[in-house]
Amino acid sequence: WTFLKSDGTDAAWSAVIPVPAFASTTYTTNTTITGNIPYDTTPPQVGEGTEILSTSITAIKSSSKIKISFQGFGGVATTGPLSVALFVDGAASAVQASVIQTASVNVAYAGSLEYVYTPGDTSAHTISIRVGAPSGNSFMNGVGISTNRFGGVAAATLICQEVFTV
């Protein structure tokens, strides 16, 4: 048997087996989030809510898609629901939004969002998540404001994965 070995720095290997781009970030803070996102019929705007997560990803192939996933838990101090909005490259309007439905105040609820983005190039793109209640304060990673759960290891996560297409 003959085995080939590479330390990953050899350009010939990446030409044969390219490694898809991957980026992730976490938000572990439990603090008062004062930014609001209206719960109405309009797309969330980049100036609404509070940005809690941001990462950059550069596709290896211009024909690739980027699978974006967000998950986290949070709630509101006065009224709900807690809105989650996804922005690409700081555009004025969100490309996708979701809600963490909150039946009671100062109680944590789980929420998620998934989106497939087609950049069409190999440039860096910034993906960000903004959250906010329609009025009043909100929080993530805890029960109520400044009541962190799980000793600081609870986290909202943003994951971006390149998916090669043919």
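On a predicted model such as this, the values are computed, not experimentally measured, just so you know. Side chains included, hydrogens not; waters and symmetry mates left out as well; all remaining heavy atoms used. All residue numbers in this chain count up from 1 along the given sequence.
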Got Lys67 and Glu114 here, is their nearest side-chain heavy-atom distance under 4.5 Å? yes
Donor-acceptor pair, distance only, cut-off 3.5 Å: does the side chain of Ser83 make one with the backbone of Ala133? no
Is the Lys NZ or Arg CZ of Lys61 less than 6.0 Å from the centre of Phe164's six-membered ring, within 45° of the axis? yes
Thr26 and Ala155: which non-hydrogen atoms are nearest, and at how many Å? CB-CB, 4.1 Å
State whether the side chain of Glu162 and the backbone N or O of Ala21 hold a donor-acceptor pair below 3.5 Å, judged by distance alone. yes
If I compare all heavy atoms of Glu51 with all of Ser128, which pair ends up nearest, and what's the gap? OE1-CB, 3.6 Å
Report yes or no: does Arg130 contribute a side-chain atom to a donor-acceptor pair with the main-chain N or O of Glu48 at less than 3.5 Å? yes
Keeping Asn36 on the side-chain end and Gly49 on the backbone end, is there a donor-acceptor pair under 3.5 Å? no
Heavy-atom count check: over 12 atoms from other residues, nucleotides or ligands less than 6.0 Å from Phe150 CZ? no
So Thr157 and Phe70, do their side chains get closer than 4.5 Å, heavy atoms only? no
Do Thr126 and Thr55 have side chains that get closer than 4.5 Å, going by heavy atoms? no
Minimum heavy-atom distance Ala156-Leu53, with the two atoms named: O-CD2, 3.9 Å
Looking at Ser123, is its backbone amide N or carbonyl O close enough to the side chain of Asp121 to form a donor-acceptor pair, meaning the two atoms are under 3.5 Å apart? yes
Stepwise, does the side-chain contact (heavy atoms from CB on, under 4.5 Å) test hold for Gln96 with Ser98? CA-CA 7 Å; Gln96 183 146 359; Ser98 183; 5.9 Å; no
Would you mind reporting whether Phe139 and Thr32 have side-chain heavy atoms less than 4.5 Å apart? no
Using a 3.5 Å distance criterion without hydrogens, assess whether the side chain of Tyr109 forms a donor-acceptor pair with backbone atoms of Ser104. yes
Do Met140 and Ile33 come close enough that some side-chain heavy atom pair is under 4.5 Å? yes
